[in-house]
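Report on one structure; see the data block that follows.
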Amino acid sequence: MSSTDDRLSALPDSVLARVLSSLHLKAAVQTSVLSKRWRTLWREADGVNFDTRHYRDIDYDGAKLGREFFRDALAAVGTDGRCPVRTLSVRADSYFQNDFLQGIMRTSPGMDALLAAPAMRRLEELRMELTAEFCQTREEYELPAGLLPGTSLQVLDIGGCTLGSPGNNGAVFRCLETLRMVGCVTSSETLQSMLDTAPNLSTLWLEYVSFPSFELAGLEWTTAMSMRRRILLRCPNATVSVTLMHCHCSWTDGVDLDAPGVRTLRYTGFLEHFPFSSAAPSGLPANLQHMELCFCTSRCTCRLPSRMGVAEPRAIFWESIGRFSRLRFLQLELWVINDIAVQLEQEDRFLKVFPDLRFLKLKGSCQEDRHGAAVAIANLLQCCPSMQEFHLKCDLHCDPYAFPRRRLKVRQKNKGRAEKSIMSFIKRIKSGDDDGVEELAALKARSFHCLDHHLRKIRFEFELESLNCFEVKLTKFFVENAAVLEEMEVHDGDQIVYDHIHDKFAE
C-alpha cells in the first residue's frame with residue numbers, strides 16, 4: 001500500500017462513528033469540514049463527550065463558560081438527524097475556587113436540560129466528573145435521580161456532585177448494572193431507593209461518599225459525634241462486586257452492607273467499621289471469594305466517643321475476616337503487621353482457617369515489632385494451608401488517619417548500594433550465619449502445610465537497610481522451607497537488587 005492511500009476513508013461509517021464517539025464534542029464536530037462524507041458523520045456517533053477544559057479562553061466567569069458550554073452541548077444533541085445518544089460523558093473542571101464550578105453547573109438551561117433532551121431517552125451510560133482546585137463542597141450541582149432514564153441506563157458513574165432524590169416519578173432502574181460514586185454527597189434514603197429499584201445491579205462502587213445528617217448539623221461537635229449511627233445499605237441479590245472506600249465521614253459511624261450475593265469486596269477504612277456483620281438481615285455472603293482490604297487501626301487516632309472501648313485490632317480482624325472460609329484471594333494492607341498477631345496460647349480462640357485460599361498479599365510495616373510481624377505471618381501461613389502465591393511488601397509509613405500524624409523516620413537511602421552485586425546477596429542468603437532466631441522464632445518453631453506442599457511463587461518488596469535486616473532473614477526462611485518453590489522475586493526500595501530469583505538457590 002502506497003503512502004498516498006487513504007486508509008481511514010476505507011473504513012465503514014459504523015467504525016468511523018465509533019471513533020468519533022471517543023472524541024470530545026469540538027473535535028468531533030470539526031471533522032465535518034474534511035469532506036462531504038464527513039459532513040454529517042459526527043451525528044451518527046452514539047457517544048458524546050463534553051469537557052470544559054476546551055473552553056479555557058474564557059475569563060474567570062463560570063456562568064459565562066457554562067452558558068457557552070451547555071449551548072454547544074444542547075445544540076449538538078438537538079441537531080437534525082442526530083442519532084440517539086447511548087453514552088454521555090461530562091467533565092466540568094475548575095482550576096479556581098468552587099464558585100467557578102458552581103457558576104458552570106448552575107447555568108440555565110444546563111445539565112438538567114441536557115439530560116431531558118429527546119436524544120437522551122435511550123441513554124445507557126452516564127459519566128460525569130466535577131472537580132474544583134479549591135474548596136469543593138460537592139454541592140455545586142445536584143443530579144436529580146428522577147431525570148435519569150431508568151428504562152435504559154446501564155452505567156452511572158458520577159464524581160464530585162450531590163445525588164438528589166428521585167422525586168415522585170417512581171423511577172425504576174431495571175437495566176442498571178454499574179453504580180459508581182466518587183466524592184459524592186447523598187442521603188442514605190436516596191441511595192437505598194436506587195438500590196431497591198435496580199434488581200440487576202452487579203457492581204457497586206462507593207468512594208469518599210458522604211451521607212449528611214440534618215439531625216446532627218446543629219449540635220455541638222462532641223454531642224453530634226456520640227449520636228452518629230451506622231448506615232445499612234441493602235444490595236440486590238445480583239450484586240457480585242462491592243467497593244467501599246473512605247465512607248466513614250463525620251456524619252456516620254460506618255456503613256453496613258446487606259449483600260448476600262457478593263463475591264468481591266474492596267474496602268478501605270477503619271478496622272472496626274468493617275461492613276459485613278452477622279447482624280445483616282440476609283446474613284453474611286456465602287460465596288465471598290475475593291477481598292482487597294486496606295485497614296487502619298484507631299489506637300493512635302483522635303478518640304471519638306463512638307470508638308471508646310473498641311476491641312483490640314487482632315480480635316476485630318479475625319472475627320471480621322475469619323467468617324469467610326471460602327476466600328480464594330486476599331489482599332491485606334495494615335498500618336503495622338503485628339496488629340493482627342495472635343500468640344500460640346490464643347490461637348484456638350482467634351484463628352480461622354481459609355482452606356481454599358490460593359493468593360495472599362500482605363502490606364504493612366514490620367519496624368515497630370519484628371517479632372510480632374513474624375507471629376502474624378506465621379498465623380497467616382497456618383490459616384492458609386493451600387496457598388500457592390504469597391506477596392509481602394514491608395513499608396515504613398504512618399497511619400493516614402492518625403492524629404496527630406506520627407511519621408516514622410526513613411533512613412537516608414545509601415546511594416552506594418547499587419554496586420552491591422547479586423552474588424553477595426545470594427551468598428548471604430545461603431550462609432549458615434543466622435542471628436535472626438529470636439525474631440523468626442514463631443516461624444521456625446513449626447512447619448506449615450502450604451510451605452511443604454503448595455507455595456510456588458513468592459514476591460517480597462522492602463527497603464534494604466542492610467544485608468542482615470529482618471526482611472532478608474525472612475527471605476532466607478522462605479528459601480529454605482518452601483519445598484515446592486518455583487519462582488521468587490525480591491525488590492528493594494530502589495528496585496536495584498535482584499529482580500528475579502527462582503528455582504531456589506542451588507548449592
Side-chain angles (χ1 to χ4, degrees), residues 46-48 50 70 73-74 77-78 84-90 92 105-130 138-207 209-214 231-244 247 255 257-259 261 281:
D46 60 4
V48 182
F50 304 110
F70 284 109
L74 290 169
V77 301
V85 177
R86 300 189 183 278
T87 302
L88 173 64
S89 173
V90 177
M105 297 308 299
R106 296 192 181 182
T107 299
S108 181
M111 188 66 196
D112 291 2
L114 182 61
L115 290 173
M120 298 294 174
R121 292 173 182 169
R122 300 180 188 176
L123 188 66
E124 296 177 358
E125 296 185 18
L126 172 60
R127 304 180 190 275
M128 182 174 65
E129 181 181 0
L130 311 182
R138 299 176 289 183
E139 298 177 357
E140 288 79 14
Y141 172 70
E142 179 175 321
L143 174 65
L147 282 180
L148 300 174
T151 58
S152 61
L153 192 65
Q154 299 176 16
V155 176
L156 178 60
D157 185 346
I158 58 176
C161 67
T162 297
L163 179 62
S165 170
N168 299 322
N169 66 349
V172 176
F173 301 93
R174 61 173 178 266
C175 296
L176 190 64
E177 297 176 356
T178 300
L179 173 59
R180 185 173 186 265
M181 300 173 62
V182 179
C184 292
V185 175
T186 190
S187 68
S188 58
E189 293 79 11
T190 294
L191 181 56
Q192 187 61 62
S193 67
M194 288 197 68
L195 297 178
D196 289 342
T197 58
N200 295 309
L201 185 71
S202 61
T203 302
L204 175 65
W205 186 300
L206 304 178
E207 183 175 355
V209 175
S210 299
F211 303 93
S213 172
F214 297 105
I231 290 175
L232 174 64
L233 293 179
R234 299 180 303 275
C235 299
N237 291 334
T239 303
V240 295
S241 177
V242 174
T243 298
L244 192 65
C247 292
V255 177
L257 293 174
D258 183 10

When rounded to the nearest 0.5 Å, the distance separating CG of L195 from CG of L233 is 6.0 Å

Quick check for you: to the nearest 0.5 Å, what is the distance between M120 atom CE and S152 atom OG? 11.0 Å

State whether the side chain of S202 and the backbone N or O of E177 hold a donor-acceptor pair below 3.5 Å, judged by distance alone. yes

Heavy-atom neighbours of R180 CZ exceed 12 at 6.0 Å: yes

Would you mind reporting whether C235 and D258 have side-chain heavy atoms less than 4.5 Å apart? no

Verify side chain to side chain donor-acceptor pair (under 3.5 Å) between R138 and T162, making sure each step is shown before the conclusion. CA-CA 6 Å; R138 299 176 289 183; T162 297; over 6 Å; no

Between CG on residue L201 and OG1 on residue T178, distance to nearest 0.5 Å: 7.0 Å

From Q192 atom CD to R234 atom CZ, the distance as rounded to the nearest 0.5 Å: 4.0 Å

Donor-acceptor side-chain pairing of S193 and T190 below 3.5 angstrom: no

Measuring only between side-chain heavy atoms, which start at C-beta, is L257 closer than 4.5 Å to V242? yes

Kindly give the heavy-atom pair with the smallest separation between C247 and L206, and that separation in Å. SG-O, 3.6 Å

Testing the basics here: between L130 and M105, what is the closest heavy-atom pair and its distance to 0.1 Å? CD2-SD, 3.8 Å

Here the gap from N200 atom CG to Q154 atom CD, rounded to the nearest 0.5 Å, amounts to 10.0 Å

Do M128 and C161 touch side chain to side chain, with heavy atoms closer than 4.5 Å? yes

Minimum heavy-atom separation for R121 to P149, with atom names? O-CB, 3.9 Å

So, taking the atom named CD in E124 and the one named OG1 in T151, what distance separates them when rounded to the nearest 0.5 Å? 10.5 Å

Apply side-chain contact (heavy atoms from CB on, under 4.5 Å) to L148 and L143, showing your working. CA-CA 9 Å; L148 300 174; L143 174 65; 4.3 Å; yes

Test side-chain contact (heavy atoms from CB on, under 4.5 Å) on E189 and F211 and set out the steps. CA-CA 9 Å; E189 293 79 11; F211 303 93; over 6 Å; no

Taking the side chain as every heavy atom from C-beta outward, state whether L232 and P281 have any atom pair closer than 4.5 Å. yes

Closest non-hydrogen atom pair between G160 and E140, with its separation: O-OE1, 4.4 Å

Does the side chain of C184 come within less than 4.5 Å of I158's, by heavy atoms? yes

Would you say that L115 contacts L88 through its side chain, given a criterion of any heavy-atom pair below 4.5 Å between the two side chains? yes

Test V209 against L163 for side-chain contact (heavy atoms from CB on, under 4.5 Å), laying out the working first. CA-CA 10 Å; V209 175; L163 179 62; over 6 Å; no

Let's go through M194 and F173 carefully: what are the C-alpha distance in whole Å and the side-chain angles of both, what is the deciding distance for side-chain contact (heavy atoms from CB on, under 4.5 Å) to 0.1 Å, and is it a yes or a no? CA-CA 7 Å; M194 288 197 68; F173 301 93; 3.9 Å; yes

So, for L126 and M111, which heavy atoms are closest and what is the spacing to 0.1 Å? CD1-CE, 4.4 Å

How far apart are the closest heavy atoms of L191 and M181, and which atoms are they? CD1-SD, 4.1 Å

Side-chain heavy-atom pair D46, V85 within 4.5 angstrom cut-off: no

Would you check if L114 and V77 make a side-chain contact, meaning some heavy-atom pair closer than 4.5 Å? yes

